[in-house]
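Please read through the structure below; I'll follow up with questions.
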Amino acid sequence: DQERAAHDEL
Amino acid sequence: MNIFRLAGDMTHLMSVLVLLLKIHTIKSCAGISLKTQELYALVFATRYLDIFTDFISVYNTIMKLIFLGSSFSIVWYMRRHKLVRRSYDKEQDTFRHFFLVLPCLLLALVMNEKFTFKEVMWAFSLYLEAVAILPQLVLLQRTKNIDNLTGQYVFLLGAYRAFYIFNWIYRYFTEPHYVHWITWISGLVQTLLYADFFYYYFNSWKNNVKLHLPA
């Protein structure tokens, strides 16, 4: 399953 | 990273530096709402929980540390520093920020991208940031003459999220699967809350008169 994209914004 | 997001982060950084400059150099927090500063410290604390677990980039980590450090030190200054706290307008800064925190928490429990602690805290921090400026805007309406640094601080704080909206539009069109409704709606609401401040701020700048918000 697609690795949950960590929130990359501040 | 795109130019809109970089502009947004730099504007946000400048707003924090303007506030720290004001508090650290003239040892005054006149016109600044402690409630808003406490809400922002909570926003960063709940948003950056993953600062040591999910490494994104050096830039991302450094900026998170700056925002965490500055927001907590501003709260400390306004609460503990003997000179600064004397200029805090306790009687005027009466917004019950607890009534902002609770609804945001309840909403985050219902509306989140995934029902995990981190995601609920992420959603909570977005909802809370959208309304965190309210105590400050209320205080500005009660404060008769708003000094320049305070006006610039609020202006920069509003402008940074406006840049982020352009960043979200840009990323939506350039990155497949980039959809974050919670972030987008919270960011839009947040920016709209500044609309009337921007209007009066722009007019005071255009007519070269002191910034004054109607009660």
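Below, chains carry the letters A, B, ... as their sequence lines are ordered, and counting in each starts from 1. No hydrogens, no waters, no symmetry mates; every other heavy atom, side chains included, goes into these values.
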Q) B/Y164 and A/L10: which non-hydrogen atoms are nearest, and at how many Å? A)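 That would be OH-N, 3.6 Å.
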
Q | Engaged part of B/F44 at the chain A interface, taking heavy atoms whose separation is under 4.5 Å | A |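 Contact with chain A: none, neither part.
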
Show me the side-chain donor-acceptor pairs of residues 150-159 of chain B shorter than 3.5 Å, one per line, residues at least two apart or across chains.
unit_1: B/T150; atom_1: OG1; unit_2: B/K22; atom_2: NZ; d: 3.3
unit_1: B/T150; atom_1: OG1; unit_2: B/D147; atom_2: OD1; d: 3.2
unit_1: B/T150; atom_1: OG1; unit_2: B/D147; atom_2: OD2; d: 2.8
unit_1: B/Y153; atom_1: OH; unit_2: B/Q37; atom_2: NE2; d: 2.9

**Q.** Criterion side-chain contact (heavy atoms from CB on, under 4.5 Å) on A/E9 and B/R47, from CA distance to verdict
**A.** CA-CA 10 Å; A/E9 292 178 348; B/R47 184 169 307 174; over 6 Å; no

Q | CZ (B/F198) with more than 12 external heavy atoms under 6.0 Å | A |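 Enclosed: over 12 neighbouring heavy atoms sit under 6.0 Å from CZ of B/F198.
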
(Q) Tell me whether B/M63 at atom CE has more than 12 heavy atoms from other residues, nucleotides or ligands lying less than 6.0 Å away. (A)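 Buried by this count: over 12 neighbours within 6.0 Å.
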
Q: Could you tell me which portion of B/N60 (side chain, backbone, both or neither) has an atom closer than 4.5 angstrom to a non-hydrogen atom of chain A?
A: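 Contact with chain A involves both backbone and side-chain atoms of B/N60.
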
**Q.** Note, A/D8 side chain near B/R5 side chain (heavy atom, < 4.5 Å)
**A.**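 Heavy-atom side-chain distance check passes, below 4.5 Å.
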
Q. Considering residues, nucleotides and ligands other than B/Y172, do more than 12 of their heavy atoms fall under 6.0 Å from its OH?
A.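 No, because the 6.0 Å sphere around OH of B/Y172 holds 12 heavy atoms or fewer from other groups.
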
**Q.** More than 12 heavy atoms from other groups under 6.0 Å of CH2 on B/W205
**A.**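 Counting other residues, nucleotides and ligands, CH2 of B/W205 stays at 12 neighbours or fewer.
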
Q. What distance do A/H7 atom NE2 and B/D54 atom CG have between them, rounded to the nearest 0.5 Å?
A.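 Between atom NE2 of A/H7 and atom CG of B/D54 there are 9.0 Å.
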
Q: With a 4.5 angstrom heavy-atom cut-off, could you sort out which part of B/Y178 is near chain A: side chain, backbone, both or neither?
A: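 Side chain only.
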
(Q) Taking atom OH as the centre, does B/Y199 end up with more than 12 heavy-atom neighbours from other residues, nucleotides or ligands that are less than 6.0 angstrom away? (A)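 Atom OH in B/Y199 is not crowded, with 12 or fewer foreign heavy atoms closer than 6.0 Å.
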
